[in-house]
Every structure is written in structure tokens, then in C-alpha cells.
Amino acid sequence: MTPPSLVGGSEVVANRLFGSRKVHLAVAMINPGKEARMLQQVQEKYEESQLYKIRHSAAHIMAQAVLEMFPDAKYTIGPPIENGFYYDFDLPRNLTPEDLEQIEKRMRQIVQGKHEFQKKVISADEAREVFKDQPYKIELIDGLEKGGLDEYGNPLKEKPEISIYQHDTFTDLCRGPHVQNTKEVKQDAFKLMSIAGAYWRGDENNKMLQRIYGTAWENAQQLKDYLWQMEEAKKRDHRKLGKELEIFMFDDEVGPGLPLWLPNGGVMIEELEKLAKEMEEKAGYLRVKTPHLTKEDLFIRSGHLPYYAESMYPPMELEGVKYYVKPMNCPLHHKIFGSKGRSYRDLPIRLAEYGTCYRYEKSGELFGLMRVRSMQMNDAHIYVSEDQFEQEFLGVVDMYLSYFKLFGFSKYVMRLSLHGKAGLGKKYVGNERLWIKTEDMVRRAMINGGVPYVEAEDEAAFYGPKIDVQVWSSIGREFSLATNQVDFAVPERFDLKFTNKEGNEEVPLCIHRAPLGTHERMVGFLIEHYAGNFPVWLSPEQVRVIPITDGQNEYANRIVQQLRENGIRAHADISAQRMNAKIRQAQLMKVPYMLVLGENEMKAEQVSLRVRDGSQQNNILLSDFIARAKDRIARRAPEL
Ligand SMILES: [Zn+2]
Ligand SMILES: [Zn+2]
């Protein structure tokens, strides 16, 4: 199936995992590699986007249709969400799929009516009059009047004004924004997706309501693309494929969020690590290894405690000392940097480790390999002087781009997260001058290097600006893969220094980088990206040797041995199954190459090759096949 235009630059709502605030990015297709041009990127808040208005308006239109169907319905809240909207209702009976069809049909009529959305600011008493038959709305109005909560029950700083929005026969307690009229919600660009139960205000002591989910887009093509993407994502779900392809598993007795890598997954992460090590060695990194456990003092010094405590596993106490499992590798690398005197001539010093970290994620937030509690990170810390910063930083960016090219990520964006003035001294290290200086350095490096990026205020790390790297899989789904941080504060806390040209002591800057993210997230992403059809170098099993009868079993074993001696991962299927079943089995496991051996092949000391893409070559010399496979593996080629 050919993917539709999705990957070509449609608008995408930032992934929930990508940041605390929803950001709407208009992103164009970017060519990976050095020739990448700085693109004019528009960053718009989702709440202010046309899509948000369309979805919010669609929620109102849906509520109108539901109220017409159930005049006694009590309606609660209906906000836009990522990719769509929902509305929660208290209804006299359970909704059926047929109801959804009816509601959708009625919505199409309503939108064609071109009804204006009209806003009116009213007093709390007037609002109570308008919604006198709607107890949930009354509760919301009371909340608005008291202040502190908005109409969705989210905390609010100032006391809000109370407003209603009206279109056709429907009125909602609402602060907007909406489209001008219902016709801006295109009749062929929305769809009702599902019905679910939801407690009023998310509290299980409250009544269970019925929630209708819908999706809405600017035009029919966008809707079509989205539905295709959802369908494809289901087929490529890394949890499903990860099980079928025997890549990883979870076990109750081991614990949630703690993946076990099966032999096939073991091969994949070894290959990724090999790749990282090759790249890092070429770029002058030094490898270190640090323990999983450290004393509490280290994390107090680094500032992780107490601020980061809720993401850490609780401490264990031994001989009166508290120990933590590490949520990050940085403090340990800082210790290594600080272990001896450093001169400007030694810098940059790049310390790399595929370090295993442990973070406490809430059970409800765990998600396959994407959100886990133990993770192996492609970590490194680079200590640089200020004048080395730009070159080094661009070196890191280059490494990212090489990886993207290798994996065929044709669309990505880098997001530079800046500090927020209000958070200085609280959320952020309280040195504004250093913030501005460091942010400028990063910005200049990105522009000079021609790296496409967008900026986001008030999203930085505690100790410096960060760059989040967001990539799109081959089906156009977006993932936050890696983070890059510039740290101007923690090296000082660790008393790190080097002697500069003038013979004075200076504190280095530290770049934290992890281009391949964690094994967990990377493999999860790659499963979706390739739909399990990994390139040869990354395939857990590269060759399946299939003897047609028992008579060729010995020949098969001999071939496997030869392949293994050539560094090719091969396995012979000498089960009692028929050839077709063996072929089917290898196809299910998405093995790139099958070598089929019959009487003739054995006599001629040849093999017949079946490639995963469907092509075949009969009676070829084993040495020719080995040359082909070795070439693909050595180049980490995408082709088979
Ligand atoms: Zn509304
Ligand atoms: Zn770090």
C-alpha cells in the first residue's frame, strides 16, 4: 500500500509525549543531510489554531445532534483533543454504533446549515437560568463563579468571565474559540470514532457518563490520511509486532515497565549499540561504564533531589547510607570528568556510555516500550569551553542527521526549548544572563549550521536550554525520540573546571546528548517505522535455510555454518514440516533471505534464494549470495 500525502508536510499536532503544552507545528518536508536549509517554521499554539476551532465546533455540533436524539440528555464537557474531540453525556440509555451513525448523519445536515457561532458574555445568574435543566453545567458555573477552575475543570489563575456560545438550537457554556459558522466544519472532514465510559470529572465516585470520540480535520484528504494512518499504525503496533517477532516481553513477576529483551531483541539492541560505538569512536568519544546505584549525596549535589524525586525509585538504606538507582548518568560522568586536572588542550572531552537508568513512571502512563521504567540510553556528556561550543554542538547535530539518513527518517524537526522569565530561580536556574547567552549560542549554531528548528518558550530543562528531536515514522506518526541539552549550571555544582589559555580556572559547558534515545523507545519506533521489515543489518535472523526434505538437512547445517563464519546470522529449519509451511514461517518472522535447498541444489553445491520482497534467484552459488548479504550488512543498506 502506498502511503498518501501525509508524510509530505501536512499539519501535525504535537505528540502528547513531546511536551507539557500542546504545540501546533506547521512542518515542511525536510531533506536530511548537510544540505538541509533553514526553513521558515511557524509555531502556533494548538489552542489558537484553525484545527482546534474546527474540533471544538464539531463537539458542539455533535452535542446538538445528541440532544435532538435525547431531549432529556444532560451534557457535561466536550473539549478538543489531539486529533479530534469528545463530548461526555448523561443519557437515558446506552449508545449503540447505529446511534453514532445517526448522530453523524444529523451532524452533516447541521454543518450545511451554515449557522453562526455567537458568543455572549453573561453573569453567573444568567448562566444558571440558561442551564437550569443541566445540573452538570450548574456545577461548572458555580466553579467558574468561585474561580480557580475553567469550564473543563482545569485549574485557572485568574477568575474567568462567563460566556456562552450559541449556534442553531444549541447553547453551551464556553469560552471558545470557534469557527465563524458551522459550514467551516466540512461535512466530509469529520468522523465519529467510538463510544467509551468516563466518570464525571474523572472521579470514580461520580456517575459514569458516555463519551463520544470524534476526529475532525480541515479537509477530506486530511481525514482520509489520518484514518489510513490509524489503520496502518494498528497493524504496525510495536506491542503486537514485538510479540509476534519475539523481540521483547513483559512479565508480571518482573514488574510493569521493565521489559525483557528476547534473543531477537537482544540482537537488535546489540546492533544499535555497535552502530553508536562506531559513530562515537570516529567522533572522538571515550567510553566509560558506571554503576546502577549511587549514594544519595550525589543526587543532592546534582540537584535531582529533591526536585526530581518523584521520578526516582525510592532509596534503599544500607549501613545508615541511602542509595538510589540512577535515573540519569550525568552525575557519574561529571565525577569522571572531575577526577583529574584538565587543560583547555584536553577539551572537548566526550564521555559515552549506553547506561541503564531507572525512572518511576506511573502505572497508568506505561506504554509498551515507549514508556518504561528501565531504559538503556545512548548517553554521552561532552565538556567544552565556550569557544568550542558551536563546532561541537554542530558535530552532535551532524551525528543525528547521519542516523536519520541511515534509518530513512525523511521528516524531523528540532525544537529549541527556552527558559521562561517567570520561572527563573524556581523552575530554572536563576541566572538570566547565562540563560540568554547560552540560548543565543545554541540558536546561532543552529542557524549557522542550517539546521531546521522551532523555538518554544518556557520548556527548557532546569539547568539550560534543550533541543527535543521529533521524528516522523514512515506512516507519518510523530515521536519524540531524543533530547539534547546544554548545561551551564550543573558543572559548577560539581566544581568541574579546566585551565584555560590564560592559565585561569574556568567552568566547562556540558552538552548532554542521546541521538538514538533509549533502546526501548528506538526499537519501539523502528518496529512501527519498518513494520517489522528491518533492513538486513538490523534483522535478528538474516537468513533462514530451508531444506526441502530430510535428505538436505546436513547440507543445510553446513551452509548455516558457512554463513555464520561470514558473520551472517542464519538458522536452518530442519523441522518435519513441509517446505511451504517452512517458507510461510520464515515470512511471518520477516526474515530477509530464505535459502531453499533441494536435491538438485545439493548436488550442484548451489542454493535457491527467496528474498523478503518476493524476488527469487534459483541455483546460485553460495559464495555469490554471501557476497551480496555481506555487502548489505557492511553498508547497513536499506535494500535487500
Ligand atoms: Zn465550547
Ligand atoms: Zn545527562
Side-chain angles (χ1 to χ4, degrees), residues 47 52-64 67 75-81 85-88 117-121 127 130-131 134 136-137 140-141 144 150-154 160 162-168 170-179 182 185 214 216 285 288 290 294 298-299 301-304 308 311 326-337 349-357 359 375 377-383 396 461-467 482-491 493-494 496 508-515 517-518:
E47 286 82 351
Y52 186 93
K53 291 181 199 166
I54 287 173
R55 289 167 182 165
H56 190 170
S57 305
H60 280 218
I61 294 161
M62 178 171 76
Q64 178 187 351
L67 281 174
Y75 53 118
T76 67
I77 59 164
I81 51 172
F85 60 92
Y86 69 79
Y87 214 115
D88 287 349
F117 280 91
Q118 282 166 327
K119 183 182 181 176
K120 216 155 112 191
V121 177
V130 174
F131 296 102
Q134 293 293 336
Y136 298 99
K137 294 289 178 194
L140 294 170
I141 294 162
L144 287 174
D150 69 9
E151 77 270 31
Y152 301 137
N154 298 322
I162 297 177
S163 59
I164 53 172
Y165 265 88
Q166 199 166 0
H167 79 269
D168 197 15
F170 181 78
T171 305
D172 207 350
L173 180 70
C174 175
R175 81 190 129 139
H178 281 283
V179 292
T182 56
V185 179
Y285 286 66
V288 294
T290 61
T294 66
L298 188 72
F299 289 113
R301 163 100 82 143
S302 69
H304 285 100
Y308 198 70
S311 299
K326 62 179 173 182
M328 292 179 184
N329 304 301
C330 345
L332 297 135
H333 292 184
H334 295 339
K335 281 289 173 190
I336 293 172
F337 178 88
I349 287 179
R350 311 173 184 91
L351 302 179
E353 173 178 18
Y354 243 109
T356 305
C357 299
R359 294 182 192 165
M375 63 213 78
M377 198 187 298
N378 173 220
D379 215 358
H381 295 91
I382 305 174
Y383 303 86
V396 170
F462 174 68
Y463 45 71
K466 66 172 178 164
I467 288 129
T483 309
N484 225 353
Q485 291 171 2
V486 187
D487 180 348
F488 59 76
V490 179
R493 296 173 78 120
F494 277 84
L496 303 185
L509 286 165
C510 177
I511 301 172
H512 306 237
R513 43 110 280 176
T518 64

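Counting starts at 1 for both ligands and their atoms, in listed order. The model shown is predicted, which means the values in this text are computed figures rather than measured ones.
Taking the Zn ion (ligand 2) as reference, H512 places its N/O/S atom ND1 nearest.
Annotation: K120, atom NZ; neighbour count of heavy atoms from other residues, nucleotides and ligands within 6.0 Å does not exceed 12.
When distances to the Zn ion (ligand 2) are checked against a cut-off of 2.8 Å, C510 contributes no N, O or S atom below that limit. Using a cut-off of 2.8 Å, one finds that H333 contributes no N/O/S atom close to the Zn ion (ligand 2).
Looking at T290 and K335, their side chains never bring a donor and an acceptor atom within 3.5 Å of each other.
Side-chain contact check for K137 versus D172: some heavy-atom pair is nearer than 4.5 Å.
Qualifying ring pair (Phe, Tyr, Trp, His ring centres under 6.0 Å) partners for F131, counting only residues two or more places apart in sequence or in other chains: none.
With the Zn ion (ligand 1) as the vertex, atom SG of C174 and atom NE2 of H56 span an angle of 100° (nearest 10 degrees).
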